[in-house]
J.: 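My structure is below; once you've seen it, I'll send some questions.
Order of the sequence lines fixes the chain letters, A, B, ..., with proteins taken first and strands second; residue numbering starts at 1 for each chain.
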Amino acid sequence: MKKDINLKVNGKIHAIQVDSKDMLVDVIRDKVGLTGTKEGCGTGECGACTVLINGEPVNSCLYLAIRAEGKEILTIEGLGNPASLHPLQQAFVENGAVQCGFCAPGMLLSAHALLMRNPNPNEQEIRKGISGNICRCSGYVKVIKSIQQAAARLQQDAVLQNEGRER
Amino acid sequence: MLLKSFEYVKPNSLAAVLDVLDELKDKKSSVLAGGTDLIPWLRAKAKEAEYLVDLEDAGLNQIAFDKDNARIGAMVTFATLCQHPEVGKKLPSIAEAAGQVGAVQTRTLATIGGNLCAGVPSLDSAPSLLVLDAQFRLQSKGKERMVPAEKFFLGPRRTVLQPGEIMTEIVIPIQAVFRASFQRMGRRRALTLSIVNCAAGVSLGGGSEIAKARIALGAVAPTPIRAYKAEQLLQGSMVTPELLAEAAAMAATETSPIGDLRASADYRRKISAVLVRRALENAIEQTRQAEASTRAAAGGAK
């Protein structure tokens, strides 16, 4: 079954035709043309394909594209860009938290979802927040350190912004 | 990518869902809840569907508490359940189980009704519901029935659900001084099926005598089970460490586990006893606290 839908990705609406069987990860990559989202296991166990739907992390390899109509999708391309990295991305770069990079987009989006819910997570909460994202090369120590660093920076920025507003 | 296409329908009310399912009774149709179980099955071609009926807009995602019951819509996600303050306070074993299913991404999508209807022996939401005497509301066009949790499961991936019928609501009686605890053991803490899961609940008659005991286990039999003999051993007895150990060992003898890639049958039996003991200890502690706060509230009212 084919259907024309409007898919809202990173704030931009894409008018595309999908088949009912199309998975969101494939549509994002092949039809929207954003290849930052990776498919790893294809069974919802590795988290490489994580995107945020209405702010909540989901595995886009388990999500029918047709079901995403009318929802807000955030992919790694919407988090930051090479000219202006998101503080989480900046921290991953500075700490060498990325080796092959295949898990990084999903890892970053899970971390972003965590920080939106809980701006100041402890180590245990960070571990739980990224427990659905598997990294097979660099390990998790630098990832956790990066998330802690980004959380601190984001909170600092928030304080500065508030002070700015008060002036 | 899925190999075969299908007709996708998303009716915007429960009545419309039941109408559609009634029309599709003789067709290969599947009901889509969270999809975290169904989609991998379709992708692996272990299951075929010509029609997919999405329950997302059927209005089954409410949680309500009244004087006697908690009512949880079948489409309530584990993410919602594990963050819901009232569920955490009144039904802690449900919140604990919900917070340990899969990982964050799974819990965003996976629903309690979908978990139950998948009917796998290891499903994490079942033991607490068995212990809490939950009932499931099953509906099809023009029909409705309530099925007790312990009568719902027939075997691995088999339940009493008939063609055209869906679970719409989980009804849990609120028992003031009965608290339950959920425990699970997997190979890791996230993204893994339980090797064993269990829940235990108790109410205490006055002092340390157990008035009512409930124990349920999953992943150790073709369906989630109650450990009736262990419950009987506890009922009417005084709480002692020896009694809890004896009941836990008894519960382990009531299991009939298989050995598979996750654990051997023998290991599952051993872990059953450990988890039942932990669940009982935890439930007794919680029940004592609940009794103390009930007394304090009653004292304050005077």
J.: Is A/N59 in contact with chain B via its backbone, its side chain, both, or neither, using a 4.5 Å heavy-atom distance?
T.: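 Contact with chain B is through both the backbone and side chain of A/N59.
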
J.: Taking atom CD1 of B/I39 and atom NZ of A/K21, what is their separation to the nearest 0.5 Å?
T.: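 Reported to 0.5 Å precision, the distance equals 13.0 Å.
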
J.: Please round to the nearest 0.5 Å and tell me the distance separating atom CG of B/L191 and atom CD1 of A/I134.
T.: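 One gets 6.0 Å once the value is rounded to the nearest 0.5 Å.
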
J.: Using a 3.5 Å distance criterion without hydrogens, assess whether the side chain of B/R43 forms a donor-acceptor pair with backbone atoms of A/C61.
T.: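 Present.
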
J.: Where on A/R127 is there a heavy atom nearer than 4.5 Å to chain B: the side chain, the backbone, both, or neither?
T.: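 Neither part, no heavy atoms under 4.5 Å.
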
J.: Does A/E56 reach the side chain of B/T77, with side-chain heavy atoms less than 4.5 Å apart?
T.: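 With C-beta onward as the side chain, the pair stays apart.
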
J.: What is the distance from atom CG of A/L62 to atom OG1 of B/T108, rounded to the nearest 0.5 Å?
T.: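 Those atoms lie 11.5 Å apart.
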
J.: Looking only at heavy atoms, which two atoms of A/G129 and B/V104 are closest? And how far apart?
T.: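 Shortest heavy-atom separation between A/G129 and B/V104 comes out as O-CG2, 3.6 Å.
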
J.: Relative to chain B, which segment of A/S131 carries a heavy atom at a distance below 4.5 Å: side chain, backbone, both, or neither?
T.: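 The answer is both parts of A/S131.
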
J.: Side chain, backbone, both or neither: which part of B/E56 has an atom under 4.5 Å from a heavy atom of chain A?
T.: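 For B/E56, heavy atoms of backbone and side chain both lie under 4.5 Å from chain A.
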
J.: Under 3.5 Å, sequence neighbours excluded: what are the donor-acceptor pairs made by side chains of residues 103-113 of chain A?
T.:
residue: A/S110; atom: OG; partner: A/G106; partner atom: O; Å: 3.4
residue: A/S110; atom: OG; partner: A/N133; partner atom: OD1; Å: 2.7
residue: A/S110; atom: OG; partner: B/Q105; partner atom: NE2; Å: 3.3

J.: Between B/L52 and chain A, which part of the residue has a heavy atom less than 4.5 Å away: side chain, backbone, both or neither?
T.: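 Just the side chain, heavy atoms under 4.5 Å.
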
J.: Does the side chain of B/D54 come within less than 4.5 Å of A/L64's, by heavy atoms?
T.: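 They are not in contact (no side-chain heavy atoms under 4.5 Å apart), so the answer is no.
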
J.: What part of A/K128 gets within 4.5 angstrom of chain B, counting heavy atoms only: side chain, backbone, both, or neither?
T.: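 For A/K128, backbone and side chain are both near chain B.
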
J.: Below 4.5 Å, heavy-atom pairs only: which of A/T50, A/L114, A/T43 has the largest tally toward chain B?
T.: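 Maximum pair count with chain B is reached by A/T50.
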
J.: Tell me whether A/S20 contacts the main-chain N or O of B/S5 through its side chain, where contact means a donor paired with an acceptor under 3.5 Å.
T.: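 No, because the side chain of A/S20 does not come within donor-acceptor range (under 3.5 Å) of the backbone of B/S5.
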
J.: How far does CG of A/D19 sit from CZ of B/F6, to the nearest 0.5 angstrom?
T.: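 Here the interatomic distance stands at 7.5 Å.
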
